There are 4 protein chains.
Amino acid sequence: MSAAPERRHELLATAAEVFAAQGYDATTVRKIADAAGILAGSLYYHFDSKESMLDEILSGFLNELWGRYDAVLAAGHGPTETIEALVTESFREIDRHRAAVAIYQKESRQLREQPRFGYLDDSQQRFERAWLRTLERGVAAGVFRADLDIRLTYRFVRDTVWVAASWYRPGGQHSPEEIARQYLSMVLEGVALRARHDPVTQ
Amino acid sequence: MSAAPERRHELLATAAEVFAAQGYDATTVRKIADAAGILAGSLYYHFDSKESMLDEILSGFLNELWGRYDAVLAAGHGPTETIEALVTESFREIDRHRAAVAIYQKESRQLREQPRFGYLDDSQQRFERAWLRTLERGVAAGVFRADLDIRLTYRFVRDTVWVAASWYRPGGQHSPEEIARQYLSMVLEGVALRARHDPVTQ
Amino acid sequence: MSAAPERRHELLATAAEVFAAQGYDATTVRKIADAAGILAGSLYYHFDSKESMLDEILSGFLNELWGRYDAVLAAGHGPTETIEALVTESFREIDRHRAAVAIYQKESRQLREQPRFGYLDDSQQRFERAWLRTLERGVAAGVFRADLDIRLTYRFVRDTVWVAASWYRPGGQHSPEEIARQYLSMVLEGVALRARHDPVTQ
Amino acid sequence: MSAAPERRHELLATAAEVFAAQGYDATTVRKIADAAGILAGSLYYHFDSKESMLDEILSGFLNELWGRYDAVLAAGHGPTETIEALVTESFREIDRHRAAVAIYQKESRQLREQPRFGYLDDSQQRFERAWLRTLERGVAAGVFRADLDIRLTYRFVRDTVWVAASWYRPGGQHSPEEIARQYLSMVLEGVALRARHDPVTQ
DNA sequence: CATGAATGAGAGTTCATTCAT
DNA sequence: AATGAATGAACTCTCATTCAT
């Protein structure tokens, strides 16, 4: 039932690609098997079920992501640097595991309700706490605006980053770091020209 | 096949609610019928198929949306006002047809590929052209930043607005206009404090 | 439930047309209703069921047919004249009730097995007896060949006549009597030229 | 989708039997599966659809039939011998594939209208041309009567042969060759005793 | 007489999953 | 490791029929 871990990995990558392209429900195990060049039944030598493939893809992605996030959060940066680092790590993760991120984006709301995928909720809540705390620190430190509803701000930043997974294509003209830089610039400083606000400082 | 338009409307609203909550694929016609208090087969007196319900929901939403957008675009506003109006209309539409917007957000990428839903593509392209043109006018007029990749900016604003449909609940603490105002403020002016704009505090 | 007999008749004629064109199973009551310009449910004011329409069509046809056949059989003709009269009446019936005959041809084998349509079997057996007796009389009288299996001959003649309902179109270039004449000529005298049978002309 | 050809063959034979006995429309895939001793869904491992089973049955039958017909037509026989050979091959085919022939007889008129079954039309037309040409040759050669409408004659012979599939049971008291012989005798020489036509030759 | 809306049974089909080989 | 064949539950959809209006 387990077998060589490399084969699992290949099959999982294939499955993730198909899930991301067609949606989890619309993906039949036969499509995955076709893409892998084997028959549908043969997948069950490697995995318990279609759902367990999804599980492995998502938990693998979240484990890796939290490894990076935890490093950032433990580094003791100031709020702006923390946010910059979190956003940059997020875009890097999108670059590395685009399929998994796209699946997460699309399916997590439904999945969350099943006990098996309860960890999606946990992750979501840790994520929210980390962001809210960082934003609050930024407001307290006078580097973020105080006039905004902080939950709205959180959602704004969160969505803004992750939705990118739905259109991002690795190997495109912008590196993840470059995209992160521009996104951060928009998020932090806005799209409007600042010049007119303070011509003197320019 | 057509029948009294009121009943259709009720059933369509019910279907939209279920589609939005569970996803189109995961929604069985039985669930829709249960939610409407009739039997699954009875839906087929009113509609040709599950797909045609989806079609009617999405095209109805887009038609209404474009009615508003066209009015805004024809009004001859400057770029900032145009963007403010478009964003505000978008949040109003989310308020009025949350379910339809959520379905659109979640399913349109897959649907687009079917000929029947080709209008989703058309709409998407009109949308993109309208935004890009407005952003370019703003850059030319010196009210928007010129240092950003304009397509990135477009995606940023577009996603930022529509993803809200996934968490927005009508009748919540913020009116659509209030949410639009805060989103616009974040998008245009950024999340960072403009402290440096105030020469005194520097 | 009964109502004006003329309306029944119209509807029955419409139903027969559709049954003949599409087959009984493939005909939905909705198609019949469409052809009659009313809604499907409305047919049930006139008839108990789809099956009872079929029943009325077939029994009406057989009653009329047997009225003619009985007259022929009671007339005391010789075997050749009897066969000529039966075949001619058959083609006349095809001319008058083409749809009913076509339905009978196509559906009676299956229908026969249901108790409700047991009369199809009875009719079939009376038919067979009448034909076999006439053929036997002809053999005995020395006007029909004695070297043929009489049941094969019966089937040959029977099929030969009734299958015509599947291609016959009333108002075509041949009258039913003309078609009967030619069929009889083929059946009785054969397709081969008799010339060679006459040693003198050889 | 294709699988071991033997299993397909068995299942196809089973399906043909049921189609012939109950009619295509009245045959449910569950009935076929029951007859084959498997579950309905399992049929879809071997075939795409109920319709594709029908298709395979009919096209298989026509392919085989035309193999024989073409051999006959290419042999350069005279008209009488050609007709004798065609009729004999037809009865042999009825003997070999009774179910397929019965299905063809009953369903082809409706099926013909669907593009997928257009080959039924093609076959029908080739068949008609071959027969008409042979009959014309016979008339020209003075072996067939010239006083008959040749299309009527064609239909007469055609129907006469194929309808036999509806009552023929393989393994009965007459071999296909014997049935062919008697049919040919009736068709060519008629049912009436020739004696009276030419008393001198007796 | 006819409509409009619904019922409920059953149709063809799909699909995750199992298992002997 | 993989195949080939099957299972069984669920799905979308159809249709004869009912009935209040």
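Computed from a prediction, not measured in an experiment: that's the story for all the values here. The figures that follow rest on heavy atoms only: side chains count, while hydrogens, waters and symmetry mates do not. Each chain gets a letter, A, B and so on, in the order the sequences are listed, and its residues count up from 1.
A heavy-atom distance below 4.0 Å to DNA chain E is reached by these residues of residues 15-31 of chain D, ordered by number: D:T27, D:T28, D:V29, D:R30.
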Report each atom pair, protein N/O against N/O of nucleotides 18-20 of chain E, whose distance is under 3.5 angstrom.
none

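Checked against salt bridge (charged side-chain N to carboxylate O under 4.0 Å, His left out), D:E113 has no partners two or more places apart in sequence or in another chain. Among residues two or more places apart in sequence or in another chain, the salt bridge (charged side-chain N to carboxylate O under 4.0 Å, His left out) test is passed with A:D121 by A:R112. Considering only residues two or more places apart in sequence or on other chains, C:Q110 meets the side chain to side chain contact (heavy atoms under 4.5 Å, CB included) condition with D:K106. Every residue was checked against the side-chain hydrogen bond (donor to acceptor under 3.5 Å, both in side chains) condition with C:E107, not counting sequence neighbours, and none meets it. Partners of A:S123 according to the side chain to side chain contact (heavy atoms under 4.5 Å, CB included) rule, which considers only residues two or more places apart in sequence or in another chain, are A:L62, A:W66. Under the rule for a salt bridge (charged side-chain N to carboxylate O under 4.0 Å, His left out), the partners of A:R98 that lie at least two apart in sequence or sit in another chain are A:E17. In this structure, the salt bridge (charged side-chain N to carboxylate O under 4.0 Å, His left out) partners of D:E64, at least two apart in sequence or on a different chain, are D:R68, D:R96. With sequence neighbours left out, the side-chain hydrogen bond (donor to acceptor under 3.5 Å, both in side chains) criterion links B:T14 to no other residue.
Counting only heavy atoms from C-beta on, D:I38 has its side chain closest to F:dT7 among F:dT7, E:dC1, F:dA1. Distances from the side chain of B:R7 to the nucleotides F:dT7, F:dA2, E:dA6 place E:dA6 closest.
Looking at A:Y24, A:Y104, A:F61 one by one, the single match for ring pair (Phe, Tyr, Trp, His ring centres under 6.0 Å) with A:F19 turns out to be A:Y24.
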Pairing string of DNA chain E (Watson-Crick or G-U wobble, both atom distances under 3.5 Å; | = paired to other strand) is .||||||||||||||||||||
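Sorted by first then second residue, the salt bridge (charged side-chain N to carboxylate O under 4.0 Å, His left out) pairs that include residues 22-44 of chain D, not counting sequence neighbours, number zero.
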